[in-house]
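Read through the structure below, which is laid out as structure tokens, and then see the notes.
We use all heavy atoms of the structure for the numbers below, so side chains are in, but hydrogens, waters and symmetry mates are not.
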Amino acid sequence: MSIWGELISWYEGNKRDLPWRNTTDAYIIWLSEIILQQTRVEQGMPYFYRFAEKYPTVTHFAAAPEDDILKLWQGLGYYSRGRNMLKTAQLVQQLYGGQFPTSYEQLIKLKGIGEYTAAAISSFSANEVRAVVDGNVYRVLARYFGIDEPINSPKGKKIFQQLADEVMDKQRPALHNQAMMEFGAMLCKPKNPACGICPVHLGCAAFKTNATTYLPVKLKTVKIRKRYFNYLLIMDGEMLLMNKRGESDIWANMYDLPLIETEALIEPAQLFQRHNVKEILGSNMAIKDTSEVIKHVLTHQHLFIQFIILEGQPENLQPNWFYTALDNLENLAMPQRIFIFIKKFFNF
DNA sequence: TTCCCGGCAA
DNA sequence: TTGCCGGGAA
């Protein structure tokens, strides 16, 4: 018995009775697996029943208009799943005469079927020895073996797939895969796992070291914010109007030029139509020139910077604005982009 | 209200 | 790598 024997016993005693678990019909299993991609069982269940009733075989499915599929899919999200299903159903109809394939190699070629789904269908319908690795399996393996390799890096994915293959109960692939996933969904949950009643907690690395909260490790996908910086270049005689930055944003406490940030790229002329800008600058300023838009890439933000050269004096200086002599510019700490522009502009 | 979760395709 | 979607938890 593999180390997961306990798990399979637990599964057999505690599994939910789900409709797609009582069949080896690859079409029905495919239907359920696609619906359950990125989707909770409770949410997918009613959809599964509707699809299975309306399209009892892949031949029925293949004959459906796309509009009907999408209508039935409505509310499930990730609508490309529905569109891909139709393509796959039609292909299965053509290539295999409506006999849904059960081998991993055939399945993986179909639209909307990736490694996970191919492993699931082939193991459930034909007991092919293919270890499924879904979100549940990542979690169970990371915790049980105490692996802190990120599960969403290419390297991590490879490691976890290999491990899953290695520890798989090869005598009963379908049962093993079901057990792993059910266990992850019911006991080894993302938050507050039920270690107290876990059948394998004694062998679990994360349980022993109290690390379930930290495993699995997932790389944060830093979402990049786009920001649009409109810098104003304003002179008073030989003095340049500068801005001292606050401490809550990038370039904290450094110096740059008076800045008007917008949610999108904007023409300087448009910018000056804005109520809040008018209020600060008044009506005595004219646009003399505008620089190219410079893209400045930071880890978590992309800045689109343009410099607007103005003539005249603003009516209201903001609290952090001040005039300084040009020969003092060398002494002020500025972001490199700003410094380069100013240096070039004043030719020093 | 925001955050987190999750397979596949391009 | 990023976009695709909706639901449930925080």
Compile the donor-acceptor pairs under 3.5 Å between side chains in residues 132-141 of chain A and protein atoms, sequence neighbours left out, one pair per line.
| from | atom 1 | to | atom 2 | distance (Å) |
| --- | --- | --- | --- | --- |
| D134(A) | OD1 | N136(A) | N | 3.0 |
| D134(A) | OD1 | V137(A) | N | 3.0 |
| D134(A) | OD2 | N136(A) | ND2 | 3.1 |
| N136(A) | OD1 | R139(A) | NH2 | 2.8 |
| N136(A) | OD1 | A185(A) | N | 3.4 |
| R139(A) | NE | C188(A) | O | 2.7 |
| R139(A) | NH2 | G184(A) | O | 2.8 |
| R139(A) | NH2 | C188(A) | O | 3.4 |

What nucleic acid atoms does [X] come within less than 4.0 Å of, heavy atoms only: base, sugar-phosphate, or nothing?
X	answer
T39(A)	nothing
K218(A)	sugar-phosphate
L110(A)	sugar-phosphate
I34(A)	nothing

Who passes ring-ring contact (aromatic ring centres under 6.0 Å, His included) against Y55(A), sequence neighbours left out?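 With sequence neighbours excluded, Y55(A) shows a ring-ring contact (aromatic ring centres under 6.0 Å, His included) to F61(A), given in chain and number order.
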Nearest heavy atom decides the nucleotide; on that basis, is D134(A) or K111(A) closer to the 5' end of DNA chain B?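 The residue closer to the strand's 5' end, by nearest nucleotide, is D134(A).
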Can you sort out the partners of E115(A) under salt bridge (Lys or Arg N to Asp or Glu O under 4.0 Å), two or more places apart, ordered by chain and number?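 Residues passing salt bridge (Lys or Arg N to Asp or Glu O under 4.0 Å) with E115(A): none at all.
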Rounded to whole Å, how long is the line connecting atom [atom1] of [X] with atom [atom2] of [N]?
X	N	atom1	atom2	value
N177(A)	dG7(B)	CG	P	13 Å
K157(A)	dT1(C)	NZ	P	9 Å
L36(A)	dC8(B)	CG	C1'	15 Å
M85(A)	dA9(B)	CE	P	13 Å
I151(A)	dG6(B)	CD1	C1'	10 Å
I113(A)	dA10(B)	CD1	P	14 Å
N84(A)	dG3(C)	CG	P	19 Å
E115(A)	dA9(B)	CD	P	11 Å

Please list, for nucleotides 5-9 of chain C, all pairs of protein and nucleotide N/O atoms separated by less than 3.5 Å.
| from | atom 1 | to | atom 2 | distance (Å) |
| --- | --- | --- | --- | --- |
| dC5(C) | OP1 | Y79(A) | N | 3.4 |
| dC5(C) | O5' | Y78(A) | N | 3.4 |
| dC5(C) | O4' | Y78(A) | N | 3.4 |
| dC5(C) | N3 | Y78(A) | OH | 3.0 |
| dG6(C) | OP1 | Y79(A) | OH | 2.7 |

With no hydrogens and no angle check, do the side chains of Q90(A) and K87(A) hold a donor and an acceptor under 3.5 Å apart?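 Judged by distance alone, the side chains do not pair up.
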Taking the six-membered ring of Y47(A) (Phe, Tyr or Trp), confirm whether the NZ or CZ of R50(A) is under 6.0 Å from its centre and within 45° of its axis.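 Cation-pi check for R50(A) and Y47(A): passes.
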Per the salt bridge (Lys or Arg N to Asp or Glu O under 4.0 Å) rule, what does the pair list look like for residues 173-202 of chain A, sequence neighbours excluded?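 For residues 173-202 of chain A, and leaving out neighbouring residues, the salt bridge (Lys or Arg N to Asp or Glu O under 4.0 Å) pairs sorted by first residue read R16(A)-E182(A), R21(A)-E182(A).
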Should R139(A) be listed as having a side-chain N or O under 4.0 Å from OP1 or OP2 of dG6(B)?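 Checking R139(A) against dG6(B): at least one side-chain N or O falls below 4.0 Å of OP1 or OP2.
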Which residue pairs pass the side chain to side chain donor-acceptor pair (under 3.5 Å) test with at least one member in residues 337-348 of chain A, sequence neighbours excluded?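 For residues 337-348 of chain A: H296(A)-R337(A).
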